Amino acid sequence: MIRAVALDIGETLVRDDRYWASWADWLGVPRHTLAALVGAVVAQGRDNADAIRLLRPGVDLAAEYRAREAAGRGERLDETDLYDDVRPALAALRDAGVRVVVAGNQTRRAGELLRDLDLPADVIATSDEWGCPKPDPDFFARVLEAGTALPHETLYVGDHPVNDVHPARNAGLLTAHLRRGPWGHLWADDPAVRAAADHSIDTLHDLLSIVRDSA
């Protein structure tokens, strides 16, 4: 029986449009240029921040992040950044007695902004706050702690095979690959992803039936 559902953040709950558009504006490059580079480096299996490094070789990303915040042009999140199914799907899971954990590879500031949105979740945390980014096994150990359920009772939901599906499965969790955003669509029909994921879904609304079927 599934007792906890943990969800990735970027392109699972939150659109990344604003995040990358704000970086493009800060760097003074066309938004499409940076977006295309992000897609290219991720498809190559690289860190998405390598897109910025290609545009600004030698850039100190931490220093640039601090400069953006100091200039009042730092991270922002509001209701418009959420996918439409997020609130109703998470609320339905909680109403069904499932513990809901939101955890992804984001900054400490992103965690604060997400908690300010008052999502129907029991725990909201980021890799920066935990000090261990996906696909580190320690990240999924923290997910299990937050969910207070055993690995086979915990479903991890995400769009990215390398950061979500494969490491969650390796940690013993159940997995759901979400066909959403660039990475979710890029790898949706990949045989390795389909073999690794216990479920393939197109919307977060599918999660409630998965939970009910597990009882």
Side-chain angles (χ1 to χ4, degrees), residues 1-14 42 45 47 83 85-86 88-108 110-111 114-115 119-181 183-184 186-215:
M1 179 177 182
I2 295 173
R3 302 183 185 277
V5 174
L7 303 102
D8 171 46
I9 298 172
E11 292 303 334
T12 296
L13 304 186
V14 175
V42 172
D47 180 3
Y83 280 99
D85 58 358
V86 171
L90 269 58
L93 289 171
R94 293 187 79 189
D95 289 344
V98 174
R99 187 166 174 83
V100 175
V101 176
V102 172
N105 273 358
Q106 268 73 29
T107 63
R108 185 175 299 273
L114 282 167
R115 287 188 287 272
L119 294 173
D122 298 285
V123 176
I124 297 176
T126 68
S127 57
D128 195 20
E129 293 170 324
W130 282 348
C132 48
K134 295 183 292 183
D136 191 323
D138 288 343
F139 178 92
F140 293 94
R142 295 296 297 267
V143 166
L144 290 172
E145 290 177 10
T148 66
L150 296 172
H152 69 274
E153 299 172 332
T154 304
L155 177 69
Y156 193 82
V157 184
D159 63 304
H160 198 296
V162 174
N163 285 339
D164 299 323
V165 176
H166 294 303
R169 181 181 178 85
N170 290 341
L173 283 68
L174 299 172
T175 60
H177 181 251
L178 175 63
R179 186 193 290 264
R180 171 174 287 172
W183 327 132
L186 179 63
W187 284 296
D189 297 319
D190 186 298
V193 176
R194 286 191 169 274
D198 295 288
H199 305 278
S200 296
I201 61 175
D202 296 312
T203 170
L204 298 182
H205 291 304
D206 294 337
L207 295 173
L208 185 59
S209 61
I210 292 173
V211 167
R212 286 174 172 167
D213 289 346
S214 73

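Predicted, not measured: the structure shown is a model, and the values here were computed from it.
- Counting heavy atoms from C-beta on, the side chains of S127 and Q106 never come closer than 4.5 Å.
- Of all heavy-atom pairs between W130 and A146, the closest is CZ2-CB, 4.5 Å.
- Within 6.0 Å of atom CZ in R94, more than 12 heavy atoms from other residues, nucleotides or ligands are found, so the atom counts as buried in its surroundings.
- Contact check for V102 versus I9: side-chain heavy atoms found under the 4.5 Å cut-off.
- Across all their heavy atoms, P120 and A91 have their closest contact at CG-N, 3.7 Å.
- A salt bridge is absent between R99 and E153; no separation between the charged side-chain nitrogens and carboxylate oxygens falls under 4.0 Å.
- Smallest separation of non-hydrogen atoms from V165 and A196: CG1-CB, 3.7 Å.
- Pairing each heavy atom of P151 with each of A171, the nearest pair is CB-O, 4.0 Å.
- When atom types are taken as modelled, the side chain of H177 and the backbone of D159 share a donor-acceptor pair closer than 3.5 angstrom.
- Between L174 and I2, some side-chain heavy-atom pair lies under the 4.5 Å cut-off.
- Considering only heavy atoms from C-beta on, T154 stays 4.5 Å or farther from V101 through its side chain.
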Let's go through W187 and H160 carefully: what are the C-alpha distance in whole Å and the side-chain angles of both, what is the deciding distance for ring-ring contact (aromatic ring centres under 6.0 Å, His included) to 0.1 Å, and is it a yes or a no? CA-CA 8 Å; W187 284 296; H160 198 296; 5.2 Å; yes

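- For F140 against L173, the heavy-atom pair with the smallest separation is CD2-CD2, 4.5 Å.
- In this structure, D198 contributes its side chain and T175 its backbone to a donor-acceptor pair below 3.5 Å.
- When atom types are taken as modelled, the side chain of D122 and the backbone of V100 share a donor-acceptor pair closer than 3.5 angstrom.
- Ion pairing of D85 with R180 is present here, as a side-chain N (NZ or NE/NH1/NH2) and a carboxylate O approach within less than 4.0 Å.
- Here the closest heavy-atom approach between residue S200 and residue R194 is recorded as OG-NH1, 3.9 Å.
- Here the side chain of R142 pairs no donor or acceptor atom with the backbone of C132 at under 3.5 angstrom.
- With contacts defined as side-chain heavy-atom distances shorter than 4.5 Å, the pair D8/V157 does not qualify.
- The backbone N or O of K134 sits less than 3.5 Å from a side-chain atom of N105, completing a donor-acceptor pair.
- Although no hydrogens or angles enter the test, the distance criterion places a donor-acceptor pair under 3.5 Å between the side chain of S214 and the main chain of V211.
- Between F139 and Y156, the ring planes are perpendicular. Angles over 60° get that label, and only those under 30° would be called parallel.
- Looking at heavy atoms from C-beta onward, I201 lies in side-chain contact with L207 at the 4.5 angstrom threshold.
- Side-chain contact between L13 and L204 is present, with heavy atoms from C-beta onward closer than 4.5 Å.
- No side-chain donor from either of T107 and D128 sits under 3.5 Å from a side-chain acceptor of the other.
- For the atom pair CG of L178 and CG of D202, the computed distance is 8.0 Å after rounding to the nearest 0.5 Å.
- No donor-acceptor distance shorter than 3.5 angstrom exists from the side chain of R179 to the backbone of G184, with no hydrogens or angles considered.
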